[in-house]
Amino acid sequence: MEKIESLSDEVAVVKPWSLHSWLLGLGMLAPLVLLLLVLLGWPLGVLAWRSLYDTDSGISVTSYASLLQGRYLEAFLNTIGIAIASTLLALILCTPAAIYIERGQGRGRRVLAVMLTIPLSLPGIVIGFFIILIFGLTGVVPQMIEAVTGDRQLNIAYTTWGLLLGYLYFQIPRVVLVVRGAAAGISDDVIDVARTLGTPTWRIYSDIILPTLRPALINAASLSLATALGAFGTAATLSRGFRVVPLEIAAAFTESFQPQLAASMSLVLASLTTLVLVGVRVRE
Amino acid sequence: MTLTNPATLQFNQVSYQYGSDTLAVDDINLLIKPGNLVVLVGPSGCGKSTLLKLVAGLIQPTWGTLLLDGTDVASLPPQQRQVGWVPQSYALFDHLSVADNIAFGLRMQGVSRKKRRQRTENLLELCHIQALAKRAVNELSGGQRQRVAIARALAVQPRVLLLDEPLAALDPQLRSSLRSNLVALLRETGVTTLFVTHDQAEALAIADKIAVLQDGRVAQYGNPETLWNQPASAFVARFISHADIVEAHRIAADRAEIVPGLVAHIPGDTGHAQTITLALRPSDLQVAAQDDQGVAIVALASEYIGAAYLIQGQIPNGPRLSFFSPHPIQCGATVPLQMRAQANIAVIES
Amino acid sequence: MPQPKRQKVFKSLLFQDYGAMTRDPVERIGQLFAILSALICLIPLPLLLAVATTPVWQQGPWSGGFTLKWLRMGWETVSPHVGFSLRLALVVLFLNIVIGFPTAWVLARTQFFGRQVLMSLTMLPLAIPGIAIALGLILAYPTWKAGGWLLLGGHVLYTLPFWIGTLTPALSQVQLQELEAVGTTLGASRWQSLVCITLPQIRSALLAAAIIVLTLSLGEFNVSFFLFTPIDKTLPVELYAAYITGRLEVAAASTVWFLLFVIPAAISIESLGGAKVGQAS
């Protein structure tokens with residue numbers, strides 16, 4: 001009871017607004033607001049303008065129209081497809097793993113937790129290079145197969161499968177961390193009470209654990225979807241045949257110098273990722 | 001160097017509002033003499049902790065003045081008030097050792113290293129924690145943490161010491177012995193102390209004066225005996241002495257009948273109203289020796305409290321009353337109940 | 001093939017207590033998947049070392065003995081850019097402190113209209129792919145690219161959410177605010193309370209946030225790819241060039257050097273209470 005009182009008293013510590021503290025707060029926020037305006041707001045505005053305007057033809061939506069067909073439509077479908085596939089894979093692999101790390105027994109769990117966060121600080125290009133080392137033409141897996149069968153197989157680094165593995169690699173820590181946070185919050189008492197009430201293990205999962213984890217799973221899915229949609233480094237290292245949108249943006253800008261096309265693709269991609277991330281927030 | 005700097009503390013119509021319409025503290029008037037130990041007691045959410053924060057200067061009163069030795073400090077920031085505040089959690093700095101915690105205030109005020117060490121040693125000794133000086137804060141027990149927190153507050157020679165539930169975080173077994181140690185320490189230093197608790201027994205045990213708070217207001221302010229014997233309201237009577245509040249009919253200037261057969265002696269100077277309100281404490285009643293004495297009461301619940309049984313009963317067509325019985329009484333059994341001869345019944349003014 | 005043997009030793013070191021293993025099937029699958037995922041995460045590291053120390057990888061690991069030649073060449077590739085990358089990361093950290101600390105403070109300590117909106121805005125850079133914002137920056141400020149100003153801006157934009165996201169919860173702890181309140185009653189001024197109470201109390205969050213910012217900046221590629229200049233090339237951009245055009249062994253050796261900066265940081269972040277997860281890859 002007393003705890004509740006001291007909590008409600010904390011509200012009282014917040015000082016009433018005076019002009020002085022108001023100005024101070026504004027001054028402390030000003031650098032951030034300025035930064036966001038200069039480095040985010042204005043560039044996005046310019047991006048929007050340049051996606052519509054061209055010095056030769058004036059204002060038009062031709063660049064957007066060209067996204068609806070051929071090479072660029074395919075790139076968008078590729079990107080969305082691989083993002084969904086790798087996200088599903090990561091969820092299937094990492095949800096039980098995260099539950100085990102937070103709720104299971106065994107001494108290795110702490111070490112496992114640290115190992116699973118390593119990819120978080122690796123840039124996408126390094127992840128791509130890892131795939132090359134394992135599944136590249138001289139990768140360790142094809143070499144091993146050659147040593148056994150005499151035939152070099154499974155050099156899939158530069159195919160869709162290699163890209164999928166690379167995406168999975170950087171999604172593992174993201175899904176694990178988000179799900180771990182929620183799994184740690186499940187009270188042992190609740191599970192134990194359910195057990196004493198005679199609940200079978202599968203019902204404990206279907207009726208208690210999964211519903212509790214649901215928001216975290218949705219969060220994890222949206223985060224890894226958004227990350228996969230925007231991933232550039234891994235794709236740049238691995239993709240030779242399989243084109244994803246970030247690669248097309250880079251190519252449109254640097255190789256064929258079509259800033260209008262690059263800008264429109266960037267905007268559509270940014271809207272997609274923002275939608276995926278913000279959509280989840282709004283649902284909550 | 002004196003240990004403390006006891007001051008007179010006076011609340012003048014102090015109110016504190018938060019949000020747009022919640023009065024946490026409502027028109028408080030209190031005068032606290034130098035060196036007094038005043039206990040603020042009341043149920044959760046009655047504004048006790050808020051009152052301490054007002055004195056500490058962590059929040060400013062919305063209305064009213066707060067006088068320290070006659071000077072209004074309501075607008076002074078906490079740094080300039082010289083008030084020692086010990087929150088319920090003790091809020092020790094766990095990045096500092098015990099000695100550095102105690103010396104913290106002196107360091108902030110730019111006291112020289114030599115003087116700081118001197119004073120810290122004095123306080124470690126005063127609080128009997130010399131052996132802990134070099135320890136890290138998170139190696140301490142609850143009682144030791146409390147000592148460090150109080151030593152830290154005393155180090156700056158506070159004019160008023162504010163203790164927010166200093167015993168609440170301790171084991172019940174330790175609480176009473178640590179309580180007497182704490183009171184002895186406060187007496188030794190002679191500091192003016194505001195002590196917040198929700199435990200009325202604690203308040204009665206240690207206070208020079210008690211202020212009972214109810215919904216941000218002072219329900220009664222006085223010494224413990226006054227609160228026990230002359231509660232100003234039904235709330236105070238219930239809270240301080242666990243009394244039952246009953247209606248009674250005056251049959252003489254100094255006698256009132258609660259139900260036929262149960263008559264209370266009351267002070268004679270309580271006016272002439274026919275219907276009056278009485279506070280009956282369990283200790284005012286007793287089980288009569290013979291069945292035909294007093295009034296029949298049906299026992300509803302019984303609690304063994306060590307020396308006796310605390311019985312809750314219902315008088316048929318009358319009030320519910322609690323009383324002590326030296327013998328167990330079965331629930332549902334009927335026993336005769338009467339006033340104790342020396343009972344000193346309080347009349348609640350309406 | 002020494003690889004499988006090594007894993008076995010590693011595994012038995014970590015998971016000796018199979019006997020005490022839970023009977024819960026999901027947790028058993030979870031253990032399997034966790035080990036599997038951890039192996040996926042770890043296998044590339046020894047492999048990388050093997051490639052970097054083998055004379056000719058195509059002929060199999062250490063087929064022609066052990067060599068440090070590639071590591072030496074890798075260092076020659078990487079070292080000219082280490083200085084620039086580190087300097088950039090430090091300036092990025094400095095700007096995070098100057099801009100992000102006051103922001104985190106205000107977000108943690110005050111209630112005001114639009115606070116939620118501002119919170120979301122600080123996280124917005126994470127929602128937008130780096131390549132898109134890099135393109136926006138270069139189209140908006142074509143003349144700033146020289147001198148590395150855009151590179152700096154892009155890095156600050158992408159690290160700031162992590163910095164603010166790590167510090168805001170640390171600063172809003174009720175216990176910390178109570179400690180500061182005690183400090184003021186003991187006579188500490190605002191500045192003294194910041195230096196003597198707040199900063200020491202949030203030191204692990206500060207350290208974690210600083211390491212996150214430094215690691216992210218060192219490893220940033222998506223934004224840097226458009227914004228680097230031939231003089232101001234960051235490590236990952238140089239690594240990318242090595243992956244695309246260089247010899248596999250040299251590329252591996254360069255990566256080894258790069259990871260020497262990054263992996264210890266990653267482990268210390270986790271031991272300091274973990275990173276806030278966001279989008280950056």
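A, B, ... follow the sequence lines: proteins, then strands. Residue 1 opens every chain.
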Answer yes or no: does atom CZ of C:Arg190 have more than 12 heavy-atom neighbours from other residues, nucleotides or ligands under 6.0 Å?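 Atom CZ in C:Arg190 is not crowded, with 12 or fewer foreign heavy atoms closer than 6.0 Å.
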
Taking [X] for its side chain and [Y] for its backbone only, find out whether a donor-acceptor pair lies under 3.5 Å.
{"X": "C:Ser217", "Y": "C:Leu214", "answer": "no"}
{"X": "C:Arg115", "Y": "C:Thr110", "answer": "yes"}
{"X": "C:Trp149", "Y": "C:Trp144", "answer": "no"}

Between [X] and chain A, with a heavy-atom cut-off of 4.5 Å, which part of the residue counts as in contact: side chain, backbone, both or neither?
{"X": "C:Tyr141", "answer": "side chain"}
{"X": "C:Ile164", "answer": "side chain"}
{"X": "C:Leu118", "answer": "side chain"}
{"X": "C:Ile244", "answer": "side chain"}
{"X": "C:Thr255", "answer": "side chain"}
{"X": "C:Ile138", "answer": "side chain"}
{"X": "C:Ala252", "answer": "both"}
{"X": "C:Val156", "answer": "side chain"}

### Inter- and intrachain pairs under salt bridge (Lys or Arg N to Asp or Glu O under 4.0 Å), touching residues 246-255 of chain C, at least two apart
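Every pair satisfying salt bridge (Lys or Arg N to Asp or Glu O under 4.0 Å) with a residue in residues 246-255 of chain C: C:Arg247-C:Glu249.
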
So which of [options] has the biggest tally of heavy-atom pairs under 4.5 Å with chain A?
{"options": "C:Ile29, C:Leu48, C:Ile263", "answer": "C:Leu48"}
{"options": "C:Gly130, C:Pro236, C:Gly136", "answer": "C:Gly136"}
{"options": "C:Leu95, C:Leu32, C:Ile133, C:Thr215", "answer": "C:Ile133"}
{"options": "C:Ala132, C:Cys41, C:Ala38", "answer": "C:Cys41"}
{"options": "C:Gly100, C:Ala134, C:Gly154, C:Ala251", "answer": "C:Ala251"}

Pick from A:Val114, A:Leu133, A:Thr117: which one has the most heavy-atom pairs with chain C under 4.5 Å?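 If we count pairs closer than 4.5 Å to chain C, A:Leu133 comes out on top.
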
- Task: Start with the C-alpha distance between C:Val26 and A:Tyr100, add both sets of side-chain angles, then the distance that settles side chain to side chain contact (heavy atoms under 4.5 Å, CB included), and finish with yes or no.
- Result: CA-CA 8 Å; C:Val26 174; A:Tyr100 166 72; over 6 Å; no

With under 30° as parallel and over 60° as perpendicular, where do the rings of C:Phe221 and A:Phe232 fit, or are they tilted in between?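 Ring orientation of C:Phe221 relative to A:Phe232: parallel.
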
Worksheet item: Do A:Phe170 and A:Tyr167 have their ring centres less than 6.0 Å from each other?
Response: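 Yes.
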
Less than 4.5 Å to any heavy atom of chain C: does that hold for the side chain of A:Ala236, its backbone, both, or neither?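 Both backbone and side chain.
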
- Task: Taking side chain to side chain contact (heavy atoms under 4.5 Å, CB included) as the test, write out the residues that go with C:Pro142, two or more places apart.
- Result: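 Partners of C:Pro142 under the side chain to side chain contact (heavy atoms under 4.5 Å, CB included) test: none.
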
**Prompt:** Could you walk me through whether C:Trp257 and C:Leu235 pass the side chain to side chain contact (heavy atoms under 4.5 Å, CB included) check?
**Reply:** CA-CA 10 Å; C:Trp257 289 114; C:Leu235 269 178; over 6 Å; no

